[in-house]
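Down below is the structure, laid out as structure tokens.
Residues: numbered from 1 along the sequence shown.
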Amino acid sequence: QVQLAESGGGLVQAGDSLRLSCEAPGRTFNNYVTGWFRQAPGKEREFVAAMIWSADRTRYAGSVKGRFTISRDNAKKTDYLQMNSLTVGDTAVYYCAIGRRLDSGSYYSSEPAYDYWGQGTQVTVSS
């Protein structure tokens, strides 16, 4: 079992930036798919970004492409989501997830692709 812990959320103004972290101190592997998802009040959880096995394969939802960047530091066992030019529409609880199955990379935008989930961190953007 891999425990994930998100941090870095908070209350910011539109146009500001935040960097979310997803720590997995018990992780013993470096080959995996990372997904970031978010859930706004009254809405279903949605895909935000993914790193598919390695740093040269990243994918983003259209609503965040060009503003958000996913990255990884294996030495720190931490994944990151840099969020720039935040808007009120980005307000949500953000979750990180890790997938290790063979098809995790093919279905990276779907929740069933992931084996482990964090507890979420709240991001609130005010206008």
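- A donor-acceptor pair is defined here as one N or O able to donate and one able to accept, closer than 3.5 Å; no such pair exists between the side chain of S104 and the backbone of V33.
- Under a 3.5 Å cut-off, the side chain of E6 and the backbone N or O of Q119 do form a donor-acceptor pair.
- In plain terms, the two heavy atoms of L86 and R67 that are nearest each other are CA-NH1, 3.9 Å.
- Here the CG atom belonging to L18 is positioned 9.5 Å from the OG1 atom belonging to T124, to the nearest 0.5 angstrom.
- Geometrically, R27 does not engage Y116 in a cation-pi contact defined by less than 6.0 Å to the ring centre and at most 45° from the axis.
- Taking the ring axis of Y95 as reference, the NZ or CZ atom of R45 stays within 45° of it and closer than 6.0 Å to the ring centre.
- Taking the side chain as every heavy atom from C-beta outward, E111 and Y107 never approach each other to under 4.5 Å.
- The distance from the OG1 atom of T78 to the CG atom of D73 is 6.5 Å, given to the nearest 0.5 Å.
- Here the closest non-hydrogen pair linking S126 and V88 is C-CG2, 4.1 Å.
- For the atom pair L11 CG and T91 OG1, the distance stands at 8.5 Å (nearest 0.5 Å).
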| Between T34 and I70, does a side chain to side chain contact (heavy atoms under 4.5 Å, CB included) hold up when you go through it step by step? | CA-CA 9 Å; T34 301; I70 188 172; 4.2 Å; yes
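- Geometrically, R38 does not engage Y94 in a cation-pi contact defined by less than 6.0 Å to the ring centre and at most 45° from the axis.
- The OH atom of Y114 sits 8.5 Å away from the OH atom of Y108 when rounded to the nearest 0.5 Å.
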| message | With side chain to side chain contact (heavy atoms under 4.5 Å, CB included) as the criterion, how do Y32 and V2 come out once you've worked through the C-alpha distance, each side chain's angles and the decisive distance to 0.1 Å? | response | CA-CA 12 Å; Y32 58 95; V2 178; over 6 Å; no
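- The side-chain heavy atoms of M83 and V123, taken from C-beta on, include a pair separated by under 4.5 Å.
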Could you go through residues 47-59 and list every donor-acceptor pair under 3.5 Å that involves a side-chain atom there, pairing it with any protein atom two or more places apart or in another chain?
from : atom 1 : to  : atom 2 : distance (Å)
S54  : OG     : D56 : OD1    : 2.3

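- Between F68 and W36, a ring centre-to-centre spacing not shorter than 6.0 Å is recorded.
- Atom-to-atom distance recorded for E46:CD and S63:OG is 5.5 Å, nearest 0.5 angstrom.
- Using a 4.5 Å heavy-atom cutoff, the side chains of T69 and Y60 are in contact.
- Look at D79 and R72 and you find a salt bridge, because one of the NZ, NE, NH1 or NH2 atoms lies within 4.0 Å of a carboxylate O, short of that distance.
- Side-chain N or O atoms of D115 include one that pairs as donor or acceptor with a backbone N or O of R100 at under 3.5 Å.
- A donor-acceptor contact shorter than 3.5 Å is absent between the side chain of D103 and the backbone of S106.
- Counting all heavy atoms, side chain and backbone alike, L4 lies closest to C22 at CB-SG, 4.1 Å.
- Closest approach of N84 to S17, counting heavy atoms only: OD1-OG, 2.9 Å.
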| message | For V93 and T121: C-alpha separation, side-chain torsions, deciding distance, then whether side chain to side chain contact (heavy atoms under 4.5 Å, CB included) applies. | response | CA-CA 5 Å; V93 177; T121 186; 6.0 Å; no
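- Between the side chain of T87 and the backbone N or O of G89 there is at least one donor-acceptor pair closer than 3.5 Å.
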